[in-house]
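Hydrogens, waters and symmetry mates play no part in the numbers below; they use all other heavy atoms, side chains included. As the structure is a prediction and not an experimental result, all values here were calculated from the model. Throughout, protein chains are lettered first and strands after them, A, B, ... in sequence-line order, and every chain is numbered starting at 1.
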Amino acid sequence: MDDFSAQIYTQVHQIPHGKVTTYGDIAKFAGFPGYARQVGRLMATLPEGSTLPWHRVVNAKGEISLTGHDLQRQRRKLIDEGVEVSEAGRLKLKQYRWDGL
DNA sequence: TAATTGACGGGAC
DNA sequence: GGTCCCGCCAATT
C-alpha cells in the first residue's frame, strides 16, 4: 500500500451518503492534483469485499464512467442512496456534488 | 525503449 | 447544451 493509495482511499471514504464527487476532486483533495486517471485505475483494481463507497465517484461530466452491467451495478447503488441517475448513467452533478468538508 | 491504453479534465468553439 | 482536441500519469503492450 503506497501513500497515494492510502490518501485516495481515505478521501473516498469521506463522501457522505447520498452525495457524489469526481475523480479529479478526489485526487485534488487527497493532495495529488492532476492524478484523476490514477484514481480511476485504483477504483478499477479494488479488492472484492471492499467497504469503500467507490460508487459515489463519477467523472467531471457527471456521469458513470463504466459500461454495460458494471454501469448498472454502480447506478443501482446510487439510486438506493436516493441519487437520481438516468439509465445511461447520468446524474445532476450540480445537485449531488459534495464540495469537501 | 517506444507506443498505446484507460472508471479523467479542462479549455476552445 | 454539444464536439474536438490536448494535457495528464502509470500500467501494459
Can you tell me the distance, in whole Å, between the [atom1] atom of [X] and the [atom2] atom of [N]?
X: A:His69; N: B:dA7; atom1: NE2; atom2: P; result: 18 Å
X: A:Phe4; N: C:dC8; atom1: CZ; atom2: P; result: 17 Å
X: A:Leu93; N: B:dA7; atom1: CG; atom2: P; result: 20 Å
X: A:Lys61; N: C:dC4; atom1: NZ; atom2: P; result: 13 Å
X: A:Gln72; N: B:dA7; atom1: CD; atom2: P; result: 17 Å
X: A:Met43; N: C:dA10; atom1: CE; atom2: C1'; result: 15 Å
X: A:Ile8; N: C:dC9; atom1: CD1; atom2: P; result: 14 Å
X: A:Leu42; N: C:dA10; atom1: CG; atom2: P; result: 13 Å

**Asked** Taking the C1' atom of each, how far is B:dT5 from C:dC8, in whole Å?
**Response** 13 Å

**Prompt:** Does a nitrogen or oxygen in the side chain of A:Tyr35 sit under 4.0 Å from OP1 or OP2 of B:dC8?
**Reply:** no

**Message:** On the nucleotide B:dC8, are OP1 or OP2 found under 4.0 Å from the side-chain N or O atoms that A:Thr22 carries?
**Reply:** no

**Message:** Can you say whether a donor on the side chain of A:Arg41 sits under 3.5 Å from an acceptor on the base of B:dG6, or the other way round?
**Reply:** no

Looking at [Y], is its backbone amide N or carbonyl O close enough to the side chain of [X] to form a donor-acceptor pair, meaning the two atoms are under 3.5 Å apart?
X: A:Arg75; Y: A:Ser86; answer: yes
X: A:Tyr96; Y: A:Glu84; answer: yes
X: A:Gln74; Y: A:Val57; answer: yes

**Prompt:** Side chain of A:Gln38: nearest nucleotide among C:dA10, B:dA7, C:dG2?
**Reply:** C:dA10

**Item:** Nucleotide of B:dG9, B:dA7, C:dG7 approaching A:Arg37 most closely (side-chain heavy atoms)
**Value:** C:dG7

**Prompt:** Between A:Phe32 and A:Phe4, how do the two ring planes meet: parallel, tilted or perpendicular, split at 30° and 60°?
**Reply:** perpendicular

**Message:** What contact category does A:Ala44 fall into here, base, sugar-phosphate, or nothing, at under 4.0 angstrom with non-hydrogen atoms?
**Reply:** base

**Fill in**
Distance col, row A:Ile15:CD1 vs A:Glu81:CD, nearest 0.5 angstrom, shows 9.5 Å

**Request:** Find which nucleotide of DNA chain C each of A:Lys94 and A:Pro33 is nearest to by heavy atoms, and output the residue with the more 5' nucleotide.
**Result:** A:Lys94

